[in-house]
Number of protein chains: 4
Amino acid sequence: MKELDDKKSRLLSAAKEVLAEKGLEKATISDIVKRAGMAQGTFYLYFSSKNALIPAIANDLLQTMLHKIKKEQVLSDDIWSFFHKMITVTFQVTNSYKEVLSLCYSGLAIDNTLSEWDRIYNPYYSWLAEIIAKGIEQKAIRQDVDPLVAARMVIGLIESSAEQIYLFNKLDKPLPEHQQDLFTFIHHALEHR
Amino acid sequence: MKELDDKKSRLLSAAKEVLAEKGLEKATISDIVKRAGMAQGTFYLYFSSKNALIPAIANDLLQTMLHKIKKEQVLSDDIWSFFHKMITVTFQVTNSYKEVLSLCYSGLAIDNTLSEWDRIYNPYYSWLAEIIAKGIEQKAIRQDVDPLVAARMVIGLIESSAEQIYLFNKLDKPLPEHQQDLFTFIHHALEHR
Amino acid sequence: MKELDDKKSRLLSAAKEVLAEKGLEKATISDIVKRAGMAQGTFYLYFSSKNALIPAIANDLLQTMLHKIKKEQVLSDDIWSFFHKMITVTFQVTNSYKEVLSLCYSGLAIDNTLSEWDRIYNPYYSWLAEIIAKGIEQKAIRQDVDPLVAARMVIGLIESSAEQIYLFNKLDKPLPEHQQDLFTFIHHALEHR
Amino acid sequence: MKELDDKKSRLLSAAKEVLAEKGLEKATISDIVKRAGMAQGTFYLYFSSKNALIPAIANDLLQTMLHKIKKEQVLSDDIWSFFHKMITVTFQVTNSYKEVLSLCYSGLAIDNTLSEWDRIYNPYYSWLAEIIAKGIEQKAIRQDVDPLVAARMVIGLIESSAEQIYLFNKLDKPLPEHQQDLFTFIHHALEHR
DNA sequence: TATGAATGAGTGTTCATTCAT
DNA sequence: AATGAATGAACACTCATTCAT
């Protein structure tokens, strides 16, 4: 059991590296198993196909992010400092994973595995929606905000900002200032007045 | 000259259809030229490679959107009603092009043609930044807003919302309400107080 | 010992089923052991390779046929009624095994295991040759007939007729009439005058 | 048009050679195109798959045989000398093509392309049936013979005899004597008395 | 004996691209 | 400019077989 998981996660790691280096089209299964130190066939014991890697990596990525954000959540006194941390962490993870991130988007188009993405992102949305709901209760957040819709907007906004910076190198002012702009945007958008 | 352009746009149309139906990987040049009613070799008179299609399609898509938004801009009395129109149009275009849109993201990962995307999106960002700058001058928008950063955030936010709805079918309330939520979010985020 | 034989015959049965359903190329060892309820490796304790299945199945098939025909032989009064029974039984067995039969032919081409086939068919030929020889002695059959050559011709003729009917569905008159035509053909061909 | 046919028949010839030497499983498309002096992809312009070769070869083989037999038919004075020639030609062709012949049988089992075989053999059966029908009219052949059934039996008998000799090397007397035995068998089986 | 995870050689097939016409 | 036959490199995937347990 442990060994199985070990093999699978070794493959996943190798895949992330190779895909980051070569891109989805140019990366071959041969490359991946070579890096993982296994035989070709072994790959297919753990993944049904090359394309099956993408959702697996995306899931791994989001889990990492969620884990880090939840850790920060505990330490946050109020909801606004939590949003601040959320921005910081999202930017960090986006930066670390930037090579793989675009692959995840591209995975979309390979097969239309939209339902997979749903399954992966849904817990993130729901969890943030709850936090926002609490913020509404505590009169920190506008009363007319729909928690789930807001959750999706906030996540979409932070991620698209991070991508513009790290994928497209659109950083034309110091990072802290940029993050501050983003926080202010969200703060004003949601705060109770 | 005209005929050339005609062939090129026929190829582009055919490509959009085929790509929407089959996805980037499964769509073949053969499919595309067959639908366009031409020979294999003709494709290469107008596009340097298969991958060169993606930026071409993306450009086409953004031009369509920009054209429509600019038309609305003229008719808008104030900046807020303009944002409202911008949301509506972006949603419309996203819906029309939803099959092709994810391809554009995927194009990212094929080659790292990020610079292409830059070239395509930059005019859109700059143009909106100017509008926001005017809004700041007119005291409609917060004085501490950075126009270019805000422009990117607004565009990213609207597009990610539209994608969540049309690509992932995340529409759990009537569309007008959803658009209203989005507008309110942006309005609060930017308005001068 | 009994268990071994049990396992081996369970594998053989499973193989016959799977091969009949999928054909030689598409049937996998994995399919076969799964149906037999064993592990991959177990197969190789009883058969040296995948191709070794074919002669084993062919042998099984011919043994079945021989067994049935010999039972009828005992009950036959004269050689002609024996031929009649032989036709009936060959048709029956061909029908029962039709899915596997073509595999046996195909086995031929995989490796050139012609000698295997020899070993399997020879007893059948020799046995029928003896019966024909007796028929000659008894002046029932032409005196100038070569028993072994005739045996092969009769077996080849009956089998090819049965195959045309059951493999190729070439049955354009009632089965009894068809069998009667075949019997008459053989009867005239061999009878003493 | 001519060139196309040329390429296809060059591929067919190369395929016959390679398949005869290596057997169906071991022969690779690469072997075949190399021998034909073309590129891999060219093969697929003329044959949809590797397996599509088998019916093509079988057809070629039967056409050759039919052509030769029909030529002899014209020269034959009576039906019995025609049968004699038919035996000789079938034996010759079986001998020339013996390596490929078993492949044709094996083709059966690969896919269940029985209908293909039907299409290929039917003209042969029909044509012989007509000749037998004439023989019946001319009182050379038994009046109670069903021409089509007899045609199939005769062809099946001659072919199975030839195969036993050339594929299984079951030649235990001089060839002319063997052919004479076969002819006598058929003669007695069909002759009018 | 029995297992089944691991292996890795082996090949059919695809398709973007070219180029002679 | 337009064609479309020909190319051939490139790769995902399969599956018979092995062997440590």
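So that the names make sense, note that chain A is the first sequence line, chain B the second, and so on, each numbered from 1.
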Colleague: Could you check whether Ala27(C) gets within reach of a base, just the sugar-phosphate, or nothing at all, counting any heavy atom under 4.0 Å?
Modeller: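 Sugar-phosphate, no base atom in range.
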Colleague: Can a side chain N or O of Thr42(C) be found less than 4.0 Å away from OP1 or OP2 on dT3(E)?
Modeller: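 True: Thr42(C) side-chain N/O within range (under 4.0 Å) of dT3(E) OP1/OP2.
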Colleague: When the distance from NZ of Lys26(A) to C1' of dA12(F) is rounded to whole Å, what number comes out?
Modeller: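 After rounding, the gap between these two atoms is 18 Å.
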Colleague: Measure the distance from CZ on Phe43(D) to P on dA5(F) and round it to the nearest whole Å.
Modeller: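 Computing the Phe43(D):CZ to dA5(F):P distance gives 18 Å.
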Colleague: Side-chain atoms of residues 13-21 of chain A: list all donor-acceptor pairs with protein atoms under 3.5 Å, sequence neighbours left out, distances to 0.1 Å.
Modeller:
from, atom 1, to, atom 2, distance (Å)
Ser13(A), OG, Ser9(A), O, 3.2
Lys16(A), NZ, Asp60(A), OD2, 2.5
Glu17(A), OE1, Arg35(A), NH1, 3.0
Glu21(A), OE1, Arg35(A), NH2, 3.1
Glu21(A), OE2, Arg35(A), NH1, 2.9

Colleague: Among residues 28-36 of chain B, which contact DNA chain E at a heavy-atom distance under 4.0 Å?
Modeller: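 Contacts with DNA chain E under 4.0 Å: Thr28(B), Ile29(B).
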Colleague: Under the side-chain contact (heavy atoms from CB on, under 4.5 Å) test, which residues partner Lys98(B), sequence neighbours left out?
Modeller: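 Checked Lys98(B) against side-chain contact (heavy atoms from CB on, under 4.5 Å); matches are Asn95(B), Tyr166(B), Leu167(B).
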Colleague: Residues in ring-ring contact (aromatic ring centres under 6.0 Å, His included) with Phe47(B), at least two apart?
Modeller: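 Phe47(B): ring-ring contact (aromatic ring centres under 6.0 Å, His included) contacts with Phe43(B).
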Colleague: Using side-chain heavy atoms (C-beta onward) and a distance below 4.5 Å, is Glu25(A) in contact with Leu24(B)?
Modeller: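 No, every pair of side-chain atoms sits at 4.5 Å or beyond.
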Colleague: Taking C-beta and beyond as the side chain, do Ile29(D) and Tyr44(D) meet within less than 4.5 Å on heavy atoms?
Modeller: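 Yes, at least one pair of side-chain atoms sits under 4.5 Å.
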Colleague: Among residues at least two apart in sequence or on other chains, which ones pass side-chain contact (heavy atoms from CB on, under 4.5 Å) with Ala52(C)?
Modeller: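 In terms of side-chain contact (heavy atoms from CB on, under 4.5 Å), with neighbours along the sequence ignored, Ala52(C) is linked to Ser48(C), Ser49(C).
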Colleague: Which whole-number value in Å describes the distance from Glu25(A) CD to dA12(F) C1'?
Modeller: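 From Glu25(A) CD to dA12(F) C1': 14 Å.
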Colleague: My understanding is that only residues two or more places apart in sequence, or in another chain, count here; which of them pass side-chain contact (heavy atoms from CB on, under 4.5 Å) with Ser30(A)?
Modeller: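 Expected list: Thr28(A), Lys34(A), Gln40(A).
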Colleague: How close do Lys7(B) and Met38(B) get, heavy atom to heavy atom, and via which atoms?
Modeller: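 Closest approach of Lys7(B) to Met38(B): O-CE, 3.6 Å.
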Colleague: Might you point out which heavy atoms bring Leu11(D) and Thr42(D) nearest each other, and give the distance in Å?
Modeller: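 That closest heavy-atom pairing would be CD1-O, 4.3 Å.
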Colleague: Dot-bracket notation for DNA chain F is requested: 5' to 3', Watson-Crick or G-U wobble pairs only, both distances under 3.5 Å, with ( ), [ ], | and . as defined.
Modeller: .||||||||||||||||||||
Colleague: Using the side-chain heavy atoms of Tyr44(A), tell me which of these nucleotides is nearest: dT17(F), dA16(E), dC13(F).
Modeller: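 Side chain of Tyr44(A) sits closest to dC13(F).
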Colleague: Going by the rule salt bridge (charged side-chain N to carboxylate O under 4.0 Å, His left out), which residues pair with Lys50(A) if we only count those two or more places apart in sequence or in a different chain?
Modeller: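 Here no residue qualifies.
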Colleague: Can you tell me how far P of dC15(F) sits from CG of Leu53(C), to the nearest Å?
Modeller: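 The answer, rounded to whole Å, is 15 Å.
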Colleague: Just to confirm, is there a sub-4.0 Å distance from OP1 or OP2 of dA6(E) to any side-chain nitrogen or oxygen of Tyr46(A)?
Modeller: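 The answer is yes; a side-chain N or O of Tyr46(A) sits under 4.0 Å from OP1 or OP2.
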Colleague: Would you kindly give the NZ-to-C1' distance between Lys8(B) and dA1(F), to the nearest whole Å?
Modeller: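 My rounded result for the distance is 15 Å.
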Colleague: Could you please name the option among dA5(E), dT13(E), dT17(E) that lies closest to any side-chain atom of Leu45(A)?
Modeller: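 Within the option list, the nearest is dA5(E).
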Colleague: Among the candidates dT17(F), dG4(F), dA6(E), find the nucleotide nearest to the side-chain atoms of Ala39(B).
Modeller: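 Comparing dT17(F), dG4(F), dA6(E) against the side chain of Ala39(B), the answer is dG4(F).
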Colleague: If you take atom types as modelled and just measure distance, does the side chain of Gln40(D) reach the base of dT13(E) with a donor-acceptor pair under 3.5 Å?
Modeller: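 Side chain to base: pair found, below 3.5 Å.
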Colleague: Just the atom pairs and distances: protein N or O near nucleotides 19-21 of chain E's N or O, under 3.5 Å.
Modeller:
none

Colleague: To the nearest Å, give me how far apart CD1 (Ile54(A)) and P (dA12(F)) are.
Modeller: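 To the nearest whole Å, that distance equals 12 Å.
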Colleague: Is any side-chain N or O of Lys50(B) closer than 4.0 Å to OP1 or OP2 of dC15(E)?
Modeller: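 Answer no for this pair, as no side-chain N or O of Lys50(B) is under 4.0 Å from OP1 or OP2.
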Colleague: In whole Å, what is the span from the CZ atom of Phe47(D) to the P atom of dA6(F)?
Modeller: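 Taking CZ of Phe47(D) and P of dA6(F), I get 13 Å after rounding.
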Colleague: Can you confirm whether Asp6(B) sits close enough to Arg10(B) that some side-chain heavy atom of one is under 4.5 Å from a side-chain heavy atom of the other?
Modeller: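 Side chain of Asp6(B) against side chain of Arg10(B), heavy atoms only: contact under 4.5 Å found.
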Colleague: Starting at the 5' end of DNA chain E and moving along, which residue's nearest nucleotide shows up first, Ser49(B) or Met38(C)?
Modeller: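 Result of the comparison: Met38(C).
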Colleague: Answer yes or no: is there a side-chain heavy-atom contact under 4.5 Å between Met65(C) and Leu62(C)?
Modeller: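 A side-chain contact under 4.5 Å exists here.
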Colleague: Picking from dA6(F), dA9(E), dA2(F), which would you name as closest to the side chain of Lys7(D)?
Modeller: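 Of all the options, the side chain of Lys7(D) is nearest to dA6(F).
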